[in-house]
Amino acid sequence: MASRRITPLSGFPELLPGQRIVEAQVVRTLSETFELHGFAPLETRAVEPLDQLLRKGETSKEVYVLRRLQASEEDDGGDSSGGLGLHFDLTVPFARYVLENAGKLEFPFRRYQVQKVWRGERPQEGRFREFTQADIDVVGRDVLPFHHDVEVARVMVDALRRLEFLPPIRLQVNNRKLIQGFYSALGAPDVDAVMRAVDKLDKVPPDAVQQLLVDEAGLDEKQADLCLRLAAISTDDGSFADEVRALGLEHPLLEEGLEELAAVVEGCASLVDQRVRIVADLKIARGLDYYTGTVFETRLDGFEWLGSICSGGRYDALASDGKTSYPGVGISLGLSRLLVPLFQRGVLASDRSVPSAVLVALPDEESRPTCDRVAHQLRERGIATEVAAAPQKYGKQIRYAERRGIPFVWFPATGGGDHEVKDIRSGDQQPADPASWSPPAGDLRPRTVVSTVSTGSTTESPDEGAPS
RNA sequence: GUGGAUGUAGCUCAGCUGGUAGAGCGCCGCGUUGUGGUCGCGGAUGUCGCGGGUUCGAGUCCCGUCAUUCACCCCA
């Protein structure tokens, strides 16, 4: 059989073992944090009917279609759903899940979900066709009190701050009501077009956006100028409201948005520290999605080019069965976008490529039962242990451990002597009892290692970050 | 999906106007016959991303393709 040359697949990243160890630890930290806040774990199927995926306003998404190899032409277009597609986010499947299980769920319903999603877009650094998202959402029946907007922001910030290896982050918050009210008060003929233009401020210089506002959103110079002045407002406290009011426009929606935005910023103020900033940033618009109030984006210091790693917002009408509507608010974290670039650039790594904390050396094949017993005793106490594969010279066995980052090598007692355990980083070797010996707590699990590329310096941080 | 740049050893990269493929690091072995890392000596790195074309001859020039990356689109 001719072997086809194997090549990577564009946009479908795969991790090395040490990187996967870091990712798995991150997922563990996120899940624990979400559950600390009472969010229930949830998983939905990978596929949805295409008509669900392509509901209003979502037709531009690049959806991967699922098809049976044996399906005939007639089968494809036959059923009413129009076939199946892989989900491109976790919010749309969740909305469907809520409708489907509304009778069995308690509202407001809080859930988190960490799953792969697929988008047929052109890959770039931090943009993939298959990637992992971590979502939290709160959904109510008919109504959802505003304080949940503050809650989801607090939960996600709490989760992010526990990932101590991350560069400092900046959560940017805005409010759709605020900007829509402002644009309406201004007399903008097409509020969506204004948002779309303003949303480009990240990449396009202000005077170009001004031109867009005039050409495509139908504003005059003075209106466009006011839009830019609004978008330029960015404060880390409630003072943005004064700056907005100083622009002299009034509208009920604008007022409502100002109050909500202030509530989010002030509600999160207690979480702010050196590694987490929260700003009211009035240029955040979030495209044309289903958002109706609060909107979030999140950026990493020094990695602004990556775009937002974590965003979301309030949607008043995401799910509805005609009689009942289910308003929600949520945020989703792009786990792959966050981690893969840090791996690629060598910023993040694991200090081990295996979970093992101990390698039990094997003097000879006859001693394997003895070695297995030692390993068993250690594992019984939660210490990840492996026994050497072959009775090579001890130097080789030590090197085996070193290559994998296993910190301890155990030398079993032979001929009546003591067992000994060696820390191969320090070279320190001590007699030890397999029934009671434990490594230092910090060596029990692999650690995430952060290296600052510019200086080349290396610092270690425990993965299970405690709130400080 | 559209357009541009890039692709040489496991990694970082040399390789001139076409003429038999290189370095450092890493890896393997020995010195060191059950205790690695330092040092010394020795060794192997490879369908030059892949396929086709031009040519006596292609890593080098041309076309296609795949991958990476940048911009657009969109967004985690």
Side-chain angles (χ1 to χ4, degrees), chain A residues 3-14 16 30 57-63 87-91 113-136 156 160 196 199-200 202-204 284-289 291 295-300 303 305-313 330-341 344-346 359 361-365 367 388 390-412 414-415 420-430:
Chain A
S3 64
R4 204 174 64 87
R5 185 159 240 266
I6 59 124
T7 61
L9 208 47
S10 184
F12 294 82
E14 293 179 314
L16 291 169
L30 292 175
E58 302 296 333
T59 48
S60 63
K61 304 274 190 188
E62 297 273 3
V63 174
H87 57 222
F88 55 79
D89 67 15
L90 299 179
T91 308
Q113 220 172 321
V114 183
Q115 284 181 248
K116 288 272 168 66
V117 305
W118 295 267
R119 294 183 192 176
E121 295 169 348
R122 182 80 142 228
Q124 279 181 29
E125 186 168 16
R127 307 187 53 180
F128 309 105
R129 289 178 160 164
E130 177 181 76
F131 60 99
T132 302
Q133 285 194 322
D135 264 49
I136 55 171
M156 191 55 88
L160 288 171
R196 229 174 309 141
D199 199 40
K200 292 188 189 302
D202 265 346
K203 301 191 167 184
V204 182
I284 301 299
R286 300 263 63 226
L288 272 185
D289 281 315
Y291 298 111
V295 289
F296 306 105
E297 290 195 359
T298 311
R299 291 195 156 68
L300 275 185
F303 293 83
W305 49 268
L306 247 188
S308 175
I309 54 146
C310 179
S311 35
I331 307 191
S332 69
L333 169 66
L335 203 58
S336 307
R337 167 169 291 186
L338 180 64
L339 259 24
V340 174
Q344 280 178 343
R345 286 158 185 265
L359 173 75
L362 185 65
D364 46 58
E365 227 14 89
S367 305
Q392 293 177 292
K393 291 197 291 185
Y394 278 171
K396 292 262 181 71
Q397 298 195 37
I398 291 170
R399 193 164 67 186
Y400 172 100
E402 186 185 29
R403 293 284 151 76
R404 277 151 243 253
I406 301 171
F408 294 97
V409 174
W410 189 282
F411 298 102
T414 53
E420 295 198 350
V421 66
K422 175 184 182 110
D423 181 334
I424 64 173
R425 296 160 301 188
S426 61
D428 188 46
Q429 186 166 335
Q430 302 278 347

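Computed over heavy atoms, backbone and side chain alike; hydrogens, waters and symmetry mates excluded. From a predicted model like this one, the values you see are computed outputs, not experimental measurements.
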CD of E365(A): more than 12 outside heavy atoms within 6.0 angstrom? yes
Answer yes or no: is there a side-chain heavy-atom contact under 4.5 Å between C310(A) and I331(A)? yes
So do the side chains of L335(A) and L30(A) get within less than 4.5 Å of each other, counting heavy atoms only? yes
Are any of the side-chain nitrogens in R129(A) or E121(A) under 4.0 Å away from the carboxylate oxygens of its partner? no
Please confirm whether the backbone N or O of E297(A) pairs with a side-chain atom of S308(A), one donor and one acceptor, at under 3.5 Å? no
Give the rounded distance in Å between these two atoms: CD of E297(A) and P of rC75(B). 10 Å
Using the C1' atoms only, state how far rU69(B) lies from rU35(B), rounded to an integer number of Å. 46 Å
What protein N or O atoms touch nucleotides 29-32 of chain B N or O atoms at under 3.5 angstrom, if any, and at what distances?
unit_1  : atom_1 : unit_2  : atom_2 : d
rG29(B) : OP1    : K396(A) : NZ     : 3.4
rG29(B) : OP2    : R399(A) : NH2    : 2.9

With rounding to the closest Å, how many angstrom separate the C1' atoms on rG52(B) and rU12(B)? 32 Å
If we ignore hydrogens and angles and just use 3.5 Å, is the side chain of R286(A) paired with the main-chain N or O of V295(A) as donor and acceptor? no
If the cut-off is 4.0 Å, is Q124(A) near the phosphate of rU68(B), judged by side-chain N/O to OP1 or OP2? no
Let me know the distance between CG of L300(A) and P of rA76(B), rounded to the nearest Å. 15 Å
Would you state whether a donor and an acceptor, one from the side chain of R119(A) and one from the base of rC74(B), lie under 3.5 Å apart? no
Could you tell me if the side chain of F128(A) sits less than 4.5 Å from the side chain of W118(A), heavy atoms only? no
Compute both the distance and the angle, then confirm whether R345(A) meets the cation-pi test with F303(A): under 6.0 Å from the six-membered ring centre, within 45 degrees of the axis. no
Give the rounded distance in Å between these two atoms: CZ of R345(A) and C1' of rU68(B). 13 Å
Is any side-chain N or O of R286(A) closer than 4.0 Å to OP1 or OP2 of rA76(B)? yes
Under 4.0 angstrom, heavy atoms only, what part of the nucleic acid is K116(A) near: base, sugar-phosphate, or nothing? nothing
Winner on side-chain proximity to K422(A), out of rC73(B), rG36(B), rA76(B), is rG36(B)
With C1' as the reference atom in both, quote the distance from rG26(B) to rC13(B) in angstrom, rounded to an integer. 14 Å
If you measure from the C1' atom in rU60(B) to the same atom in rA71(B), how many Å do you get, rounded? 29 Å
Contact class for G395(A) vs. all strands (heavy atom < 4.0 Å): base, sugar-phosphate, or nothing? sugar-phosphate
Could you give the CG-to-C1' distance, from D428(A) to rG36(B), as a whole number of Å? 15 Å
With both distances under 3.5 Å as the test, what is the Watson-Crick or G-U wobble partner of rU55(B)? none
Sticking with atom C1', work out how far rA58(B) lies from rU8(B), rounded to a whole angstrom. 14 Å
Using the P atom on both, measure rA23(B) against rG64(B) and round to a whole Å. 36 Å
Can you find a donor-acceptor N/O pair under 3.5 angstrom joining the side chain of Q429(A) to the base of rU35(B)? yes
Base-pairing mate for rA9(B) - Watson-Crick or G-U, with both contacts under 3.5 Å: none
Against the six-membered ring of Y400(A), is R404(A) placed for a cation-pi contact (under 6.0 Å from the centre, within 45° of the normal)? yes
From rA76(B), rU68(B), rC27(B), nucleotide with atom closest to S10(A) side chain: rU68(B)
Given rG34(B), rA76(B), rG36(B), which nucleotide is nearest the side-chain atoms of E121(A)? rA76(B)
Quantified in whole Å, what is the P atom distance between nucleotide rG29(B) and nucleotide rU38(B)? 15 Å
Students often get this wrong, so: under 4.0 angstrom with heavy atoms, is P363(A) touching a base, only sugar-phosphate, or nothing? base
Selection from rU69(B), rC75(B), rC74(B) that lies nearest to any side-chain heavy atom of E125(A): rU69(B)
Integer angstrom distance from the P of rG7(B) to that of rC63(B): 15 Å
Taking any strand in view, what nucleotide pairs with rG46(B) in a Watson-Crick or G-U wobble way, both distances under 3.5 Å? none
With a 3.5 Å distance limit and no angle check, can you tell me whether S336(A) reaches the backbone of T132(A) through a side-chain donor-acceptor pair? yes
Can you say whether a donor on the side chain of E402(A) sits under 3.5 Å from an acceptor on the base of rG37(B), or the other way round? no
Which is true for G126(A) with a 4.0 Å heavy-atom rule: it touches a base, it touches only sugar-phosphate, or it touches nothing? base
Applying a 4.0 Å non-hydrogen cut-off, can you work out what Y400(A) is touching in the nucleic acid: base, sugar-phosphate, or nothing? nothing
Which of rG36(B), rC27(B), rU69(B) is nearest the side chain of R403(A)? It is rC27(B)
Does R122(A) get its side chain close enough to the base of rG3(B), under 3.5 Å, for a donor-acceptor pair? yes
Stacking between F128(A) and the base of rA76(B) (centre distance under 5.5 Å, interplanar angle under 30°)? no
Name the closest nucleotide to the S308(A) side chain, picking from rA76(B), rC70(B), rU35(B). rA76(B)
d(CG, L338(A); C1', rA76(B)) in whole Å: 10 Å
Please determine if a side-chain N or O atom of K203(A) lies less than 4.0 Å away from the OP1 or OP2 oxygen of rC73(B). no
With a 3.5 Å cut-off and no angle check, do the side chains of E420(A) and Q429(A) form a donor-acceptor pair? yes
Nearest-angstrom distance from the residue atom CG of D202(A) to P of rC75(B): 13 Å
Using modelled atom types and a 3.5 Å cut-off, is there a donor and acceptor pairing between side-chain atoms of H87(A) and backbone atoms of V63(A)? no
Assign G312(A) to base, sugar-phosphate, or nothing according to its heavy-atom contacts below 4.0 angstrom with the strands shown. nothing
Checking all strands, does I424(A) fall into the base, sugar-phosphate, or nothing category for heavy-atom contacts under 4.0 angstrom? base
Paired nucleotide for rA71(B) [Watson-Crick or G-U wobble; both distances under 3.5 Å]: rU2(B)
Below the 4.0 Å mark, does rU69(B) have OP1 or OP2 next to a side-chain nitrogen or oxygen of Q344(A)? yes
Separation of atom CD in E62(A) from atom P in rC75(B), rounded to whole Å: 12 Å
Grab the CG-C1' distance between D199(A) and rC72(B) for me, whole Å please. 15 Å
Taking pairing as Watson-Crick or G-U wobble with both contacts under 3.5 Å, can you name the mate of rU60(B), or confirm there isn't one? none
Quick one: on RNA chain B, does R129(A) or G307(A) contact a more 5' nucleotide (nearest heavy atom)? R129(A)
